[in-house]
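Atom set for the values below is all heavy atoms of this structure, side chains included, hydrogens, waters and symmetry mates excluded.
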Amino acid sequence: MKKYKPGSPDWLNIARELQSMSQTGLTFATNEYEKARYERIKELASEIVEKHTSYDQETISRYFTLQPGYATPKVDVRGAVISDGKILLVKEKADGRWCMPGGWADVGDIPSEMVAREVVEESGFVVKPIKVIGVYDANRGGEPEEFFHAYKIVFLCEIIGGKASASYETSDVDFFEFDNLPVLSSQRTNERHLDEVKKHLDDTNRETYFD
């Protein structure tokens, strides 16, 4: 029996695995029998999610179909921007909490360009990515709000221009001491990420962290 790592409830881990099996199976199914079998697996995943959330099964099944093809993790990029020993955080309009600027990576963009664009869009600061601090399993270590599995890449970035400016996604922009942080949007940025950022600041030769 597969053992899941802590961070997400077992029902969510099982539903994710069933959904990914269904998605991949439907992609490569060669006959109606195989298609029916993988459709049934998708229904089982939907039933599990329905029992533990406020969503109905039809809505969940429709959500599952938005991710066709071979099932792979999504990618989230975040920019660790430092000024005078303080870290740049933005206040998310979605939940009123704070996180490093960033978001889902877009198809066709290289990671460093993506994080630079996310930082300027969400905070107003123009930055240059200079180092990968860490690559994380985004569904563990915070609040697992997203259904689909994701990886998080945190880049250390240097300010080269711009000024603080909120966006349609963020309501405030500020720098914070590491020992005096606001309430974090932990699914986007949590203490584990920030602790690793601080370790890289203390040791410039520190190797990239990865899960």
salt_bridge(E121, R117) N-O dist < 4.0 Å = yes

To the nearest 0.5 angstrom, please state how far the [atom1] atom of [X] sits from the [atom2] atom of [Y].
{"X": "K198", "Y": "I87", "atom1": "NZ", "atom2": "CD1", "answer": "11.5 Å"}
{"X": "N180", "Y": "K86", "atom1": "CG", "atom2": "NZ", "answer": "9.0 Å"}
{"X": "L156", "Y": "R206", "atom1": "CG", "atom2": "CZ", "answer": "13.0 Å"}
{"X": "L12", "Y": "T53", "atom1": "CG", "atom2": "OG1", "answer": "10.0 Å"}
{"X": "M100", "Y": "K152", "atom1": "CE", "atom2": "NZ", "answer": "7.0 Å"}
{"X": "Q23", "Y": "L18", "atom1": "CD", "atom2": "CG", "answer": "13.0 Å"}

So, does [X] use its side chain to make a donor-acceptor pair with the main chain of [Y] at under 3.5 Å?
{"X": "N31", "Y": "Y33", "answer": "yes"}
{"X": "K131", "Y": "T204", "answer": "yes"}
{"X": "S167", "Y": "T170", "answer": "yes"}
{"X": "S22", "Y": "Y38", "answer": "yes"}
{"X": "T189", "Y": "S185", "answer": "no"}

Test of understanding: clusters of I, L, V, M, F, W, Y form through side-chain heavy atoms closer than 4.5 Å, transitively. Do [X] and [Y] belong to the same one?
{"X": "L194", "Y": "V127", "answer": "no"}
{"X": "L184", "Y": "V81", "answer": "no"}
{"X": "V120", "Y": "W104", "answer": "no"}
{"X": "I82", "Y": "V126", "answer": "no"}
{"X": "I153", "Y": "Y209", "answer": "no"}

How about E34 and T30: does a side-chain donor come under 3.5 Å of a side-chain acceptor?
-> yes

When you check the side-chain N and O atoms of Y136 and R78, is any donor under 3.5 Å from an acceptor?
-> no

Do R188 and D95 come close enough that some side-chain heavy atom pair is under 4.5 Å?
-> yes

[X] atom [atom1], over 12 foreign heavy atoms within 6.0 Å:
{"X": "E47", "atom1": "CD", "answer": "yes"}
{"X": "K93", "atom1": "NZ", "answer": "yes"}
{"X": "K128", "atom1": "NZ", "answer": "no"}
{"X": "F210", "atom1": "CZ", "answer": "no"}
{"X": "Y151", "atom1": "OH", "answer": "no"}
{"X": "Y55", "atom1": "OH", "answer": "no"}

Could you label the plane-to-plane angle of the W11 and H52 rings as parallel, tilted or perpendicular, counting under 30° as parallel and over 60° as perpendicular?
-> parallel

Member of V115, I133, I130 meeting the side chain to side chain contact (heavy atoms under 4.5 Å, CB included) criterion with F155 = V115

Minimum-distance pair of heavy atoms, taken over all atoms of [X] and [Y]:
{"X": "E122", "Y": "V173", "result": "O-CG2, 3.9 Å"}
{"X": "A105", "Y": "M114", "result": "CA-CG, 3.8 Å"}
{"X": "S123", "Y": "V119", "result": "OG-O, 2.6 Å"}
{"X": "P182", "Y": "F176", "result": "CD-CD2, 3.5 Å"}
{"X": "A45", "Y": "A15", "result": "CB-O, 3.7 Å"}
{"X": "S171", "Y": "A166", "result": "C-CB, 3.8 Å"}

Quick one: do F175 and D84 satisfy side chain to side chain contact (heavy atoms under 4.5 Å, CB included)? Show the steps, please.
-> CA-CA 9 Å; F175 288 89; D84 295 327; over 6 Å; no

Taking it one step at a time, do L89 and C99 satisfy side chain to side chain contact (heavy atoms under 4.5 Å, CB included)?
-> CA-CA 5 Å; L89 299 178; C99 63; 5.6 Å; no

Option from H193, H200, K199 for which side-chain hydrogen bond (donor to acceptor under 3.5 Å, both in side chains) with E196 holds | H200

Could you walk me through whether W98 and K91 pass the side chain to side chain contact (heavy atoms under 4.5 Å, CB included) check?
-> CA-CA 4 Å; W98 295 78; K91 190 174 185 179; 3.8 Å; yes

